[in-house]
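Got a structure for you, questions after.
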Amino acid sequence: MGRIPDDVIEAVRAAADVVDLVSERVELKGSGDNLKGLCPFHNEKTPSFNVNRQRGSFYCFGCQTGGDAFGWLMKVDGLNYPEAVRRLGERYGINIQDDPGQDNRAQVLRANQVAMRFYSEILHRSKRGADGRDYLRRRNIHGKLAVHFNLGYAPGGQALRHRLQREEVPSEIALEAGLLRKDKRGQLVDWFRERVIFPIFNPSKKVLGFGARTLGDAVPKYLNTPESPLFSKRRNLYGIHLLSAAQRQEPVLVVEGYTDVILCHHHGFERTVAGLGTAFTAEQGKLLRRFGKAAVLLYDADDAGLKAAEKSARILEDLEISVAVATLEDGLDPCDTLSQRGPDALRQRLEEATPILDFKARRVLGQPAATSGREKNPEAARELLELVRGETDPLRRASKLHEVSEWTGFEEKTLREFLARPVKKPIVRTPQQPELDAKLVEADPFERQLMLAILQNPEAHPELPQWLALEDIKSTAGHEILQVLLSRPEATSLESLQALLRGPHAQSLLAEAALNRALRLPLDEIRMRLEARRRKRRLSEIQRRMKQAREADNKTAEDRLLHEYMALKSNIQTEDEHQQQIGE
């Protein structure tokens, strides 16, 4: 997607009414510019969530979540920044043109929209869609439900190609979208024929591509839009466009099929998604993480389905998503369970979902629960420890080792020693992307105070280059704010900074500074604490270099570093005594 020009972004920002947006999801009370409500991002009984129309921002003093209108959509709908800008542009009637030279994304999306309307018309209004209607009826997917998911039917022949021509969709765009293909003679023909069509949307509710099921003996049974820069089975989830990021505390149900998702939604399980016919991937996990902190995997109960559940669970746990696994009886899938036994039967199975380690232990050992003092089982221990290997969080690792000990009869010390041994073949784990976000600020309360003090003291911005450097800041939110302040010295007001900051966590800090002016942090004190931190870091660095010099038997370097260390240590002691006298 091409870059949206800054003037267009500012036009959208100026048109957006953050109170109007937030009040659609949160009951706001109060008068004037500042309104309050219960925070949608954490549970609370007393309102600490504030929305200010004049500043165009929201902020919660309970969970420190905040931002502007763009940030609101990013948090509640799981959008990225360009998607949020485009969504608001559409809402307020601002045309966002693609920059010259960018890819054909907009044209491909339009072609997909044309195709989706065509397939829907065939399914609901044409005799040629009768087979598709019969199939969906057998799966208990009726008219309104099919309309809600924009289902369709691709007839035989070249019907879509003719419709695209009438809609003036260029053939090269139709090819790029995967709606047409060239046959052996080089003629353009429809990609999907005589199949039920399932449109696949992104979180912005744009049609990225399609999944299609044959009603006959055609191979493959399921066919997707070909892979392209716009559409990738590895990066998307069916039904993700119907989830709300504002409900992140509720688990997401992950199933295997399109019709499973549709029937789950119909029966009240509205936080349900499915993969696109491939093994669950890290990219899909990261997408899911935008909408939930926990997931329940509901796969087929056969051996292949259970192994797939284990692999999916490991990917999600690597992304710090809490995972449980549920199974269904008698080889039924969720769609059949709901159709034959009703939602209560599915709800009961979901309530019995178990953490992945317990789930695998029961499979391996054939036991209903862990039992201390059981006979030692080396093979089971090896299998279960593969769910512990790679766990980086010390508390979760300790908890899992304790569980494996309970299941297998081995002492935790023995299991820990086994894990410490080098493995002959590296265990392939999903690479965990570092969370470069506000967590880094939260992990360092001083840095948060530093950035808030800077934002609340705009008169000091011109002097920042004299005492603050980028290497003093560790979080991406702080980096973004400082880079803007150093490169744009004219941006002295919080309002002007709002137009320059793009990251949601930087916007959150800005919102806190704006809405919490009563707590104005003393910048001079913050500066002194920063200097003290620098000196302590310098002491640690000198100690490290002294050790290296000692190991290299470099007496001259060691003496020089020792002299520098003692001088700096004396300086720190003098400064501490001075501060103590001031405090007295």
Side-chain angles (χ1 to χ4, degrees), residues 389-395 397-398 416-417 419-424 426 429 431-454 457 460-489 506 509 521-584:
R389 194 186 302 276
E391 176 63 75
T392 57
D393 183 278
L395 294 179
R397 186 180 180 90
R416 197 174 293 110
E417 290 173 350
L419 280 178
R421 297 176 184 174
V423 291
K424 295 180 180 179
R429 302 288 281 164
Q432 183 170 340
Q433 294 296 111
E435 283 292 312
L436 299 176
D437 59 14
K439 290 181 182 178
L440 295 175
V441 180
E442 294 295 344
D444 187 349
F446 170 75
E447 182 171 323
R448 185 180 191 84
Q449 291 180 340
L450 170 64
M451 299 315 301
L452 288 174
I454 291 172
N457 292 272
H461 291 176
E463 300 176 3
L464 285 178
Q466 301 174 24
W467 63 272
L468 187 62
L470 281 173
E471 52 263 31
D472 292 314
I473 307 300
K474 303 303 180 186
S475 71
T476 52
H479 261 237
E480 182 183 358
I481 292 171
L482 187 55
Q483 284 177 325
V484 168
L485 292 176
L486 293 177
S487 62
R488 302 288 291 272
L509 281 172
L521 298 169
L523 191 58
D524 289 342
E525 179 183 329
I526 293 289
R527 288 179 61 174
M528 286 189 290
R529 288 170 60 188
L530 176 63
E531 287 298 325
R533 282 165 59 103
R534 285 172 173 167
R535 287 194 292 266
K536 289 178 181 178
R537 283 203 302 268
R538 178 60 182 162
L539 280 177
S540 298
E541 173 63 16
I542 293 174
Q543 286 179 310
R544 185 184 66 81
R545 293 173 60 189
M546 285 173 60
K547 181 180 178 181
Q548 292 176 339
R550 192 177 306 116
E551 291 174 349
D553 199 23
N554 189 338
K555 183 65 174 174
T556 302
E558 184 180 359
D559 290 344
R560 177 177 55 78
L561 289 167
L562 178 61
H563 178 75
E564 183 180 354
Y565 178 86
M566 296 304 297
L568 185 57
K569 189 78 172 175
S570 175
N571 182 272
I572 292 174
Q573 184 176 358
T574 302
E575 185 64 31
D576 289 344
E577 291 173 355
H578 177 66
Q579 292 301 319
Q580 189 174 6
Q581 292 173 0
I582 294 176
E584 294 172 353

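Positions are given from 1 along the sequence.
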| task | State the NZ-CZ distance between K536 and R533, to the nearest 0.5 angstrom. | result | 9.5 Å
| Distance in Å, L485 CG paired with I454 CD1, rounded so as to fall on 0.5 Å steps | 7.0 Å
| What's the shortest heavy-atom distance between I481 and M451, and which atoms? | CG2-CE, 3.7 Å
| request: With rounding to the nearest 0.5 Å, note down the distance linking CG in D472 to CD in E447. | output: 9.0 Å
| query | Quick one: does L450's side chain get under 4.5 Å of L468's, heavy atoms only? | reply | yes
| Nearest-0.5 Å distance that lies between atom CD in E480 and atom CD in Q483 | 8.0 Å
| message | Do E531 and M528 make a side-chain contact, defined as non-hydrogen atoms from C-beta onward lying under 4.5 Å apart? | response | no
| request: Given side-chain contact (heavy atoms from CB on, under 4.5 Å), test Q548 with N554 step by step and report yes or no. | output: CA-CA 9 Å; Q548 292 176 339; N554 189 338; over 6 Å; no
| remark: Closest non-hydrogen contact found for L561 with I542 is O-CG2, 3.5 Å
| Heavy-atom pair with the smallest gap, counting every atom of R534 and W467 | NH2-O, 2.6 Å
| Do you know which of R544, R538, R537 makes salt bridge (charged side-chain N to carboxylate O under 4.0 Å, His left out) with E541? | R544
